[in-house]
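Since this is a predicted model, take the numbers as computed values, not measurements. Excluded from the calculations below are hydrogen atoms, water molecules and symmetry mates; all remaining heavy atoms, backbone and side chain alike, are included.
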Amino acid sequence: MNKELPKAYDPTQYEDGIYKKWEKSGFFNPDNLDLPENAPSYTIVLPPPNITDKLHLGHSSMLAIEDLLIRYHRMKGYRALWLPGTDHAAIATQNVVEKKLLKEEGKTRHDLGREKFLERVWEFLKETQSIILRQTRKMGASLDWSREAFTLDKQREKAVKKMFIDMYEAGVIYRGERIVNWCPRCRSTLADDEVEYKDQKAKLYTFKYSYDFPFAISTTRPETKLGDTAVAVNPKDKRYKKYIGKIYEVDFAGVKLKMKIIADRHVEMDFGTGALGVTPAHSMADWQMAEANDLEIIKVIGEDGKINNNFLEYSGKTVEQARDMIVKKLRKNNLLEKEEELKNNLSVCYRCNAPVEPLPSKQWFVNVNKKLKRFNGKSLKEKAIEAAKNKEIKFIPEKFEKRYLDWMENLHDWCISRQIWFGHRIPVWYCHGTCNIKHETNIIVSIDNPKQCPKCGSKNLIQDEDTLYTWFSSGMWTFSTLGWPDNFKNGKKSGDLARFYPTQVLETGYEILTLWVSRMIMMSLFALREIPFENVYLHGMVLDKYGKKMSKSKGNGIDPLDVIEKFGTDAVRLSLVIGNTPGNDLRLSEEKIAGFRNFTNKLWNIGRYILQSCHSDPAKAGEESQVKKKNIAHPRSFVAIAPQNDKATLADEWILNKLNKLIKDTSDDLDNYRFSQAGEGLREFTWSDFADWHLEASKFEKSEAKQQVLLMVLENLLKLWHPFMPFVTEKIWGEMGKENLLMVEPWPISAGSIVPKGCGAGLQSVDGSLQKGSTASRNAMRGDYGAGRVRGDYGAGRDPSPAAQDDNFEIIKNIIIAIRNARAENKIEPGRKIKAVIYGGKNAKLIKSQEHLIKNLRTGIKELDIQQKGKKIKDAIPVTVADIEIYLIGAVDEEKEKIRIKKERENLEKLIINAEKKLADKEFIKKAPARIVKQEKDKLKLWQEELAKLKGQLSGLK
RNA sequence: GGACGCGUAGCUCAGUUGGUUAGAGUACUUCGUUGACAUCGAAGGGGUCGGUGGUUCGAGUCCACCCGCGUCCACCA
């Protein structure tokens, strides 16, 4: 404890060791925390990072915020569980491995075959997974590694299959044909949110199908017109009204088509000719029209992106080739009326950028509109909307509730099958035996691989080739990680599910609000009939200092490990949490991180100084602890150092009251997700109040009580900072000779705080002897206290924050600042000692008692004369602080002084004029609340008094 | 096209239901190293709160429109 600490805090030297110590303690696992039976749980399930790549700063921000919440609640006595894991990210991962395979070996997945290819994927993900886990530990994340999960491990696989079967049996999952976004290159369907749009120049062709068709239509894709079965016009369009309902047989570029003229209000009259060829098989909008009008569906384009058979010379051609051929033919036949340039959006695959082809295909869907018995006739969609609307689930910040609801209300059935190999295989089998079960309504859905067909006994069963959409398994993440379905029998939760579900907070980026959050809500409601989380906290993106999204391809990303190496984890964490509000993007630069590195060093030095100065006299150590037990037990009883206790100084009382308020404010802020505000409050206290004032004052106020005050403030400060910067706080805590880990210390509490039921920990005494006790005794201690508001009898017997005491120290502070200020403005050399006279009025006694501070805190005053009042002093620099007059003697520079006074006077006069104007306004007097009017009057009076004094001083100069 | 959000000091951002002289960090200027910390200390300069109009005794805050930017959704056949 007395050993010399290095001047600068070097994070790289301690962080790994500290993390190991935490991990070894077992306290990351809430089962190892000593808590009363009824302690409330606090659960966060970590949004599992994709195993496609190592972590970026966005992940770091997520980890910093979640670790903060978890550490805070752990200290507050909750059964805090933070459950880690990773996501297999089916398509993305397969894509990465395929690219790698092609680049390194020139092979495709088909060259290897399903089994061999999957082996490669697993090899790849083992590597990235271990990098991710190492990075996560580097961030100081207090995750319960014993519960680690993966979206594609055995337990999750079981959960996914069970979910699929339950949903299938409830009629929520169905197989159907549907237009899907198809990527011909990836040979896979794409979800709506996997399609990107690219501006492009296209040609809009206007033509007639044939000579005998009455009018022309416009399209950018003539080749798809081979599959047209209708022409749609706007029902209000007078030009075409007479054709509606008629049927035409046409010969389009050699292909016979039967066309019905239909009306649809979505058709824009101004676009092209106002008539639209309907191609049900190759356009989302047209598919819907076809359903509404019962149109025939003709597939023109195949999964390979080429024209199907039965289309004459076009068969087997690519869409581009077919388009050229058809345009040429139309032109030749004089049917092409117009060709014009058009800007439109091309749908492209988000992975490979290939143009997306809308195609009808057999897919598995989740029906979000199906009325369900378990929801009393409501649908998944309705229940998920309800959960947000009745505030069962709260969004932080609130604005995202609206975005969630907008999305949900427009939700379509959800396509959950993907034509890729890596992922959860769909648990469906088709019989190729005698009964030939292929039909959707007559298939085998099973959690275990079926051996034979239950109908015909055939062993010739073939599993559905497709895998499930990644988000299907991620959507179950909150409960598949807690043992569902084993822990959920007959509608009753058991084990971890009973203890930790629903979770308290889901913390994630706002960009996956719709992609992920909405699905988790629906799936939890379906599987458990309850919400997955009570709060959704959404953070913004981490941008570079130019406001651009960090990405590998742009090369502007900051690698978390690099900056951690350079500035330390604590600094990185602070820079991600402070100076940012929920839901807003964060611009990050190394300069900002460096600023917080400086702060961690500051805290380190505060600790270093206190430890050095408090143990300079080891003989006193025993005596101190006696004092401590009697007088200073806990921050909630700060007033134990009452004014009548002559051992405590004015500065001590001031800082203890400030600390008490800080505890309350920090807790309030954290309870309301105001992390940045909490951090700023802490920084203000630490650096400005504690280091710059109290610590400086302490150098001139040695006493036994003083050492205890310093240690107590430090102790509590470390606790308050711990969730933000766990490493440096834990390190200093260790240097203080504490045996227990700071990580599991009870959170400090101030009078008036609300303690949740079961959270006795926060009420534990700070007294060292109690902390050192065995786990059993700690447990007993906690058990003694119930829930409720901390009453006076537990701690402070009265208001622990006597404003008068604070104001008194503020007066001294202001006198010191005013003197420093006057010296600087008058350019008095720092080394020059001066004499001062203070007329303190009613505060004279107070000022006299704090003479040592006024003389010593960088005011350069050698001689100080304090009177109640007296004559104006000539040849001195006059300074006023409220009604206190100060004269600095022996260094006057009249010219400079006059300028200073003039400036101040002008400022005051301006304020006075404004206030007078306001008070002269009858409307203001009449309508503004009395409180505001009085405030205004008080201000005016104060300013007028100050102005009068200034005038007096000015006359004193000459 | 629709929805949501943003625009406050050179830069990064706070500013809770309208009510002290609009704040912080950082950068900048001046000064200062006798043992907690130069990754430091003291003092200071810097903003007509994107624009216009309105509501109000009172607007950075509420409303309308405009300008600039961002995100999400839809999509032009």
Does OP1 or OP2 of B/rC57 have a side-chain N or O of A/Lys926 closer than 4.0 Å? no
Run the side chain to side chain contact (heavy atoms under 4.5 Å, CB included) test against A/Glu916 and tell me which residues pass, sequence neighbours left out. A/Ile912, A/Leu940, A/Gln944
Base, sugar-phosphate, or nothing: which does A/Glu696 touch, judged by heavy atoms less than 4.0 Å apart? base
Does anything in residues 592-606 of chain A come within less than 4.0 Å of RNA chain B? Heavy atoms only, and list the residues if so. A/Arg597, A/Asn598, A/Asn601, A/Lys602, A/Asn605, A/Ile606
Let me spell it out: for each of A/Asp585 and A/Lys939, pick the nucleotide of RNA chain B with the closest heavy atom. Which residue's pick is nearer the 5' end? A/Asp585
A/Arg858 CZ - B/rC40 C1' separation (whole Å): 9 Å
A/Lys855: which residues meet the salt bridge (charged side-chain N to carboxylate O under 4.0 Å, His left out) condition with it, sequence neighbours left out? none
Taking all non-hydrogen atoms of both residues into account, name the closest pair between A/Ile179 and A/Ala281 and its distance. CD1-O, 3.0 Å
Would you please enumerate the stems RNA chain B participates in, each stem being three or more consecutive Watson-Crick or G-U wobble pairs with both distances under 3.5 Å? B:1-7 with B:67-73, B:10-13 with B:23-26, B:28-32 with B:40-44, B:50-54 with B:62-66
Does A/Tyr9 form a side-chain hydrogen bond (donor to acceptor under 3.5 Å, both in side chains) with A/Asn605? I'd like the steps, not just the answer. CA-CA 8 Å; A/Tyr9 174 67; A/Asn605 272 290; over 6 Å; no
Salt bridge (charged side-chain N to carboxylate O under 4.0 Å, His left out) with A/Arg674: which residues, sequence neighbours excluded? A/Asp669
What is the distance from NZ of A/Lys833 to P of B/rU34, rounded to the nearest Å? 12 Å
Any carboxylate oxygen within less than 4.0 angstrom of a Lys/Arg side-chain nitrogen, looking at A/Glu936 and A/Lys939? yes
Kindly compute the distance separating CD1 (A/Ile732) from OH (A/Tyr14), expressed to the nearest 0.5 Å. 10.0 Å
Contact list for RNA chain B against residues 217-230 of chain A - heavy-atom distance below 4.0 Å: A/Ser218, A/Thr219, A/Thr220
Please tell me which of the listed nucleotides, B/rG44, B/rA36, B/rC73, lies nearest to the side chain of A/Ala691? B/rA36
With the threshold set at 4.0 Å, does a side-chain nitrogen-carboxylate oxygen contact exist between A/Arg905 and A/Glu909? yes
C1'-based separation of B/rC37 from B/rC28 [nearest Å]: 23 Å
For nucleotides B/rU8 and B/rU52, find the distance between their P atoms and express it as a whole number of Å. 16 Å
Take atom CZ of A/Arg683 and atom P of B/rA24, then tell me their distance rounded to the nearest Å. 11 Å
Output one line per pair: protein atom, nucleotide atom from nucleotides 14-16 of chain B, and distance, for all N/O pairs under 3.5 Å.
unit_1 : atom_1 : unit_2   : atom_2 : d
B/rA14 : OP1    : A/Thr581 : OG1    : 2.5
B/rA14 : OP1    : A/Asn584 : ND2    : 3.1

Once side chain to side chain contact (heavy atoms under 4.5 Å, CB included) is applied, do any residues pair with A/Arg403, and if so which ones, sequence neighbours excluded? A/Phe400, A/Tyr510, A/Leu513
Centroid separation A/Phe596 to A/Phe567 less than 6.0 Å: no
Parallel, tilted or perpendicular: which describes the rings of A/Phe675 and A/Tyr673, with under 30° parallel and over 60° perpendicular? perpendicular
Side-chain donor-acceptor pair present, A/Thr569, A/Glu15, cut-off under 3.5 Å: yes
Checking contacts here: which listed nucleotide (B/rA3, B/rC57, B/rG25) is nearest the side-chain heavy atoms of A/Lys402? B/rA3
Rounded interatomic separation in angstrom, taking CG from A/Asp692 and C1' from B/rA43: 13 Å
For B/rC62 and B/rC4, measure between their P atoms and round to the nearest Å. 15 Å
Mark yes or no: A/Lys208 above the aromatic ring of A/Phe213, with NZ or CZ under 6.0 Å from the six-membered ring centre and no more than 45 degrees from the axis. no
By the 4.0 Å heavy-atom rule, please label A/Lys937 as base, sugar-phosphate, or nothing. nothing
Can you name the atoms? Protein N/O to nucleotides 46-50 of chain B N/O, anything below 3.5 Å, with the distance.
none

I want to verify a distance call: between B/rG5, B/rU12, B/rG32, whose nearest atom is closest to the A/Pro830 side chain? B/rG32
For atom P, what is the distance between B/rG60 and B/rU20, given to the nearest Å? 11 Å
Where the side chain of A/Leu695 is defined as all heavy atoms beyond and including C-beta, which of B/rA36, B/rG5, B/rC72 is the nearest nucleotide? B/rA36
Rounded to whole Å, how long is the line connecting atom CZ of A/Arg608 with atom C1' of B/rG35? 9 Å
Among the candidates B/rA43, B/rU39, B/rC13, find the nucleotide nearest to the side-chain atoms of A/Ala824. B/rA43
Nearest whole Å is fine: how far is B/rA3 C1' from A/Glu409 CD? 12 Å
Residues that A/Lys699 engages under salt bridge (charged side-chain N to carboxylate O under 4.0 Å, His left out), provided they are two or more places apart: A/Glu696
Listed nucleotide nearest any side-chain atom of A/Trp687, set B/rC40, B/rA43, B/rU21: B/rC40
Suppose you measure atom C1' in B/rG7 against the same atom in B/rG50; what distance do you get, rounded to whole Å? 6 Å
Geometric class of the A/Phe690/A/Phe685 ring pair [parallel <30°, tilted 30-60°, perpendicular >60°]: parallel
When the distance from CZ of A/Arg832 to P of B/rA42 is rounded to whole Å, what number comes out? 23 Å
Nearest 0.5 angstrom please: A/Asp585 CG to A/Asn580 CG, how far? 8.0 Å
Taking B/rU16 as the reference, what is the distance to B/rA22 when you measure between their C1' atoms (whole Å, please)? 15 Å
Quantified in whole Å, what is the C1' atom distance between nucleotide B/rU71 and nucleotide B/rA9? 27 Å
OP1, OP2 of B/rU56 versus side-chain N and O of A/Lys927: anything below 4.0 Å? no
Under the side chain to side chain contact (heavy atoms under 4.5 Å, CB included) rule, collect the residues that match up with A/Ala290, sequence neighbours excluded. A/Pro280, A/Leu295
Considering only B/rC13, B/rC73, B/rC57, which nucleotide approaches the side chain of A/Ala928 most closely? B/rC57
Does a donor on one side chain sit under 3.5 Å from an acceptor on the other, for A/Thr686 and A/Trp721? yes
Residue A/Glu923, side-chain heavy atoms: nucleotide from B/rA36, B/rC57, B/rA3 that is nearest: B/rC57
For A/Tyr404 and B/rA3, what is the distance between atoms OH and C1' respectively, to the nearest whole Å? 17 Å
So, using side chain to side chain contact (heavy atoms under 4.5 Å, CB included) as the criterion, who are the partners of A/Ser518 when residues are at least two apart? A/Tyr404, A/Trp407, A/Met408
